[in-house]
J.: 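Handing you this structure, nothing more for now.
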Amino acid sequence: MQKVSPGGKRRMDMTREDFAEVLRRIALLLELKGENPFKIRAYRNGAEAVETFSGDLVTLARENRLDGIKGIGDAIAAKLHELASTGRMEFWEKLRENFPDSIFELFEIGGLGPKKIKALYDAFGVDSIERLKEVCESGEAAALPGFGQKSVAKILDGIAYRESHVGIWRLGDVASIVSEILETLRAHPATSRADAAGSFRRGKETVRDLDFVVATKHPLEILEFFATAPWVAEVLVRGDTKCSIRLAEGIQCDLRAVSNANYPFALNYFTGSKEHNVALRSRALKRGLSLNEYALTPVEGSQAEVPDVFEERDLYRALGLDVIDPALRENTGEIEAAAEGDLPTLVELVNLRGTFHNHTTASDGCDSLEAMAEAAQELGLQYLGIADHSKSSFQANGLNETRLRAQIEAIRRLNETFDDDFQLFAGSEVDILRDGSLDFDDALLGELDYVVASVHNAFQLPEAEMTARILRAVEHPRVTMLGHLTGRLLLQREPYAVKIETIIDACARTGTWIELNSNPWRLDMDWRWWKLARERGVKCVINPDAHRCAELEYLHFGVLQARKGWLRRQDVVNCLPLGMMRETLAAKRLARS
Ligand code: DGT
Ligand code: CA
Ligand code: CA
Ligand code: ZN
């Protein structure tokens with residue numbers, strides 16, 4: 001996952017991610033300068049090594065003890081030492097003086113890699129999206145060798161897509177910012193209560209701005225504190241109860257400071273959604289009550305009693321409702337369900353017992369089988385499925401038959417070293433080929449504990465063809481689950497055209513599970529479909545799609561999306577304990593063989 005702004009103003013200390021990002025950016029600029037490919041590769045490898053090294057790399061760099069780490073040569077080690085000990089790197093600062101910062105925007109356009117960027121830069125001095133758009137629209141770019149109308153059209157699509165998403169942020173990109181701000185607000189002596197509100201609290205996959213609410217007797221003091229915090233790049237609005245600022249990363253944050261008595265109402269109002277608020281208010285009115293962001297009061301002439309409200313839950317009870325989890329507040333039936341006592345008991349992170357879609361160094365992951373197994377155990381999971389890429393995903397170093405068989409062997413051997421309370425399952429993330437057939441034959445698929453089937457190429461197929469392609473995989477008796485159903489990359493790549501409802505029905509019929517991919521770039525299948533899937537009888541499997549140990553924690557985002565999709569623990573198969581999961585997988589294999 002990319003961070004919002006590496007080395008952004010807020011953080012005093014360098015992190016390993018900052019190191020990796022600096023090295024990667026050096027490689028990009030060297031490439032644009034036409035430097036020696038070996039040198040460029042050394043920086044790329046360095047970035048990779050920094051990310052995958054298991055020790056405390058930042059401290060080692062500060063103490064100048066990086067020698068001997070694989071992938072980090074002497075020159076890079078010295079530069080990282082300089083960066084860690086002084087907060088600066090002269091080489092990097094000199095290098096970037098030659099380019100505007102806008103050049104890095106180019107790398108965020110889908111389908112535009114370093115080679116193409118270099119060609120455009122050399123030919124037309126393209127160093128920003130604005131300039132890129134000009135040369136694409138003028139027809140100049142299409143005349144370059146290796147470009148042509150088709151790839152220029154694709155670049156223009158990428159630009160349009162990005163433009164339509166300016167000012168939108170992925171949940172995963174803001175999560176750590178929110179905790180940092182919240183922690184700081186809560187630590188202030190004048191704060192009695194503080195929470196994040198808005199779309200973030202509702203767990204929306206993307207957000208436009210961040211909202212915070214604080215209960216305090218000294219609102220001005222809190223607002224002053226917020227407006228002058230080290231992370232503030234710009235103060236946008238400053239009032240008696242409200243302050244809006246922009247962070248160095250570019251995202252806006254709104255803070256409301258209210259009295260303790262107003263707090264539950266303010267928190268509820270600013271959590272939204274707007275549609276949920278409107279529905280709540282009209283329910284209140286029907287009961288002779290008026291609800292706003294400060295209070296619940298009887299409407300004029302009404303005899304309605306107003307119960308005490310100390311917390312949000314008292315507010316829902318006052319309206320004759322069960323408490324509605326923030327994740328459900330989208331006015332898609334939650335108020336009716338709360339009135340009937342029909343709200344689902346939503347799945348929680350602690351309910352998960354294992355997970356299936358994970359990569360290792362065998363394909364494009366960064367950690368070994370052993371390391372991934374250990375990390376899963378540390379998280380308290382009872383089982384971990386390994387599903388590396390299959391051979392057609394050569395760009396991801398997909399495994400061929402021989403390597404997959406060797407991995408199955410390695411997994412079986414490693415399993416013998418675990419106590420009875422942990423197990424690895426041997427799987428594969430098998431490519432669904434263009435015609436809907438699978439990348440491995442049935443005999444090999446039969447040797448696996450489970451199969452994740454995913455689309456990784458030919459994204460442009462028309463909807464009918466794409467749907468037929470995926471349906472064929474769903475019907476395949478060896479397929480246990482569908483990976484990232486629509487292939488979307490939030491704010492970067494649209495989902496491919498596919499009839500989701502048809503796929504859901506086929507999965508219900510065949511007992512194929514659908515993945516909720518928890519990588520914050522994907523969150524796929526989208527939460528808006530899960531209630532329907534559940535009603536049709538489809539089981540969800542929450543997978544992190546982890547490419548390194550730390551990414552197992554993506555599960556947290558997946559659970560949030562599952563909650564938005566009204567899912568309970570019984571709807572999520574990986575809530576099953578190890579013993580039952582073993583039986584379930586065995587029974588599935590038997591039933592469909
Ligand atoms: P976003 O766009 O990702 O920031 O989404 P929200 O939901 O965080 O929207 P935001 O920040 O504009 O407002 C926060 C909450 O304040 C929103 O969820 C509901 C409440 N709110 C804002 N404007 C209105 C309004 O005009 N009517 C009502 N009833 N509620 C509003
Ligand atoms: Ca917001
Ligand atoms: Ca807002
Ligand atoms: Zn995949």
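When a ligand or atom number is given, it counts from 1 through the structure's own listing order. No hydrogens, no waters, no symmetry mates; every other heavy atom, side chains included, goes into these values.
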J.: If we count only N and O atoms by modelled type, under 3.5 Å, do the side chains of Arg434 and Asn457 hold a donor and an acceptor together?
T.: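 Side chains of Arg434 and Asn457: no pair found under 3.5 Å.
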J.: Can you see which heavy atom on Val559 is nearest to which on Leu349, and at what distance?
T.: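 Looks like CG1-N, 3.6 Å.
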J.: Could you check atom 17 (C) of ligand 1 against the protein and tell me its nearest heavy-atom contact, residue, atom and distance included?
T.: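 Protein heavy atom at minimum distance: Gly272 CA, 4.0 Å.
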J.: So which heavy atom in the protein is nearest atom 4 (O) of ligand 1, and how far is it from that ligand atom?
T.: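 That would be Asp209 OD1, 3.0 Å.
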J.: At what distance is the nearest protein heavy atom to atom 26 (O) of ligand 1, and which residue and atom is it?
T.: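 For atom 26 (O) of ligand 1, the nearest protein heavy atom comes out as Lys274 CE, 3.5 Å.
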J.: Just going by heavy-atom distances, which of Arg329, Arg208, Glu293 is nearest to atom 2 (O) of ligand 1?
T.: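 Ranked by closest heavy atom to atom 2 (O) of ligand 1, first place is Arg208.
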J.: Report yes if Ser273 has an N/O atom closer than 3.5 Å to an N/O atom of ligand 1; otherwise report no.
T.: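 So ligand 1 has no N or O lying under 3.5 Å from an N or O of Ser273.
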J.: Considering non-hydrogen atoms of the protein only, which is the closest contact for atom 6 (P) of ligand 1, and what is the distance?
T.: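 Looking only at protein heavy atoms, the one closest to atom 6 (P) of ligand 1 is Ser199 N, 3.7 Å.
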J.: From the N, O or S atoms in Glu429, identify the one nearest to the Zn ion (ligand 4).
T.: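 Result: OE2.
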J.: Give the atoms of ligand 1, by number and element, whose distance to some non-hydrogen atom of Thr271 is under 4.0 Å.
T.: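 The atoms of ligand 1 under 4.0 Å from a heavy atom of Thr271 are 18 (O).
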J.: For residues Met525 and Ala533, report the shortest heavy-atom separation together with the two atoms involved.
T.: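 For Met525 and Ala533, the tightest heavy-atom pair comes out as CE-CB, 3.9 Å.
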J.: So, Trp521 and Gln492: side-chain donor and acceptor under 3.5 Å apart, yes or no?
T.: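 Gln492 and Trp521 do not have a side-chain donor-acceptor pair below 3.5 Å.
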J.: Other residues, nucleotides and ligands only: do more than 12 of their heavy atoms fall within 6.0 Å of NZ on Lys499?
T.: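 It does not: Lys499 NZ has 12 such atoms or fewer within range.
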J.: Counting non-hydrogen protein atoms only, what is the nearest one to atom 29 (N) of ligand 1? Give residue, atom name and distance.
T.: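 The answer is Arg281 NH2, 3.0 Å.
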J.: Return the closest protein heavy atom for atom 9 (O) of ligand 1 as residue, atom name and distance.
T.: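 Looking only at protein heavy atoms, the one closest to atom 9 (O) of ligand 1 is Asp211 OD2, 4.8 Å.
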J.: Quiz question: by atom type and distance under 3.5 Å, do the side chains of His547 and Asp364 form a donor-acceptor pair?
T.: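 Per modelled atom types, His547 and Asp364 side chains form a pair under 3.5 Å.
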J.: So, His456 and the Zn ion (ligand 4): N/O/S under 2.8 Å, yes or no?
T.: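 Yes, since at least one N, O or S atom of His456 sits under 2.8 Å from the Zn ion (ligand 4).
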J.: Closer than 3.5 angstrom, by distance alone: can the side chain of Arg488 be matched with the main-chain N or O of Asp524 as a donor-acceptor pair?
T.: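 No: the side chain of Arg488 does not pair with the backbone of Asp524.
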J.: Any N/O/S atom, backbone or side chain, of His484 lying under 2.8 Å from the Zn ion (ligand 4)?
T.: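 So His484 does bind the Zn ion (ligand 4) by this criterion.
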J.: For the Ca ion (ligand 3), find the closest N/O/S atom on Asp254 and give its atom name.
T.: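 Restricting Asp254 to its N, O and S atoms, the minimum distance to the Ca ion (ligand 3) goes to OD2.
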J.: Measure from atom 12 (O) of ligand 1 to the protein's non-hydrogen atoms and state whether any distance is below 4.0 Å.
T.: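 Within 4.0 Å: no protein heavy atom nearby.
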J.: Just checking, is any N or O donor in the side chain of Gln395 or His389 under 3.5 Å from an acceptor N or O on the other one?
T.: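 His389 and Gln395 do not have a side-chain donor-acceptor pair below 3.5 Å.
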J.: Quick one: look up the protein heavy atom nearest atom 15 (C) of ligand 1 and list residue, atom name and how far away it is.
T.: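 The answer is Phe270 O, 3.3 Å.
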J.: So if I count the atoms of ligand 1 from 1 in the order they appear, which ones are less than 4.0 Å from some heavy atom of Arg202?
T.: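 So the answer, numbered in order with elements, is 7 (O), 18 (O).
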J.: Between Phe356 and Tyr383, is the ring centroid distance below 6.0 Å?
T.: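 Yes; Tyr383 has its ring centre under 6.0 Å from that of Phe356.
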J.: Could you check whether any side-chain N or O of Arg186 sits under 3.5 Å from a backbone N or O of Ala194, counting only pairs where one atom can act as donor and the other as acceptor?
T.: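 Checked: pair present.
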J.: So, regarding Asp254 and ligand 1 (criterion: nitrogen or oxygen to nitrogen or oxygen, under 3.5 Å), is there a contact or not?
T.: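 No, Asp254 has no N/O under 3.5 Å of an N/O on ligand 1.
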J.: Can a donor-acceptor pair be found between the side chains of His476 and Asp442 at a distance below 3.5 Å?
T.: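 Their side chains do contain a donor-acceptor pair, which is all the 3.5 Å distance test asks for.
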J.: Could you grab the angle centred on the Ca ion (ligand 3), going from OD1 in Asp211 to OD1 in Asp209, to 10°?
T.: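 Computed angle, vertex at the Ca ion (ligand 3), rounded to 10 degrees: 90°.
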J.: Find all atoms of ligand 1 within a distance of less than 4.0 Å from any non-hydrogen atom belonging to Gly198, and give their numbers and elements.
T.: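 Ligand 1 atoms under the 4.0 Å threshold to Gly198: 8 (O).
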J.: Just need the protein heavy atom nearest to atom 16 (O) of ligand 1, so name the residue and atom and give the distance.
T.: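 Result: Tyr269 O, 3.6 Å.
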J.: Please determine whether side chain to side chain contact (heavy atoms under 4.5 Å, CB included) holds for the pair Phe200 and Asp211, giving the CA-CA distance in whole Å, both sets of side-chain angles, and the decisive distance to 0.1 Å.
T.: CA-CA 8 Å; Phe200 179 85; Asp211 304 276; over 6 Å; no
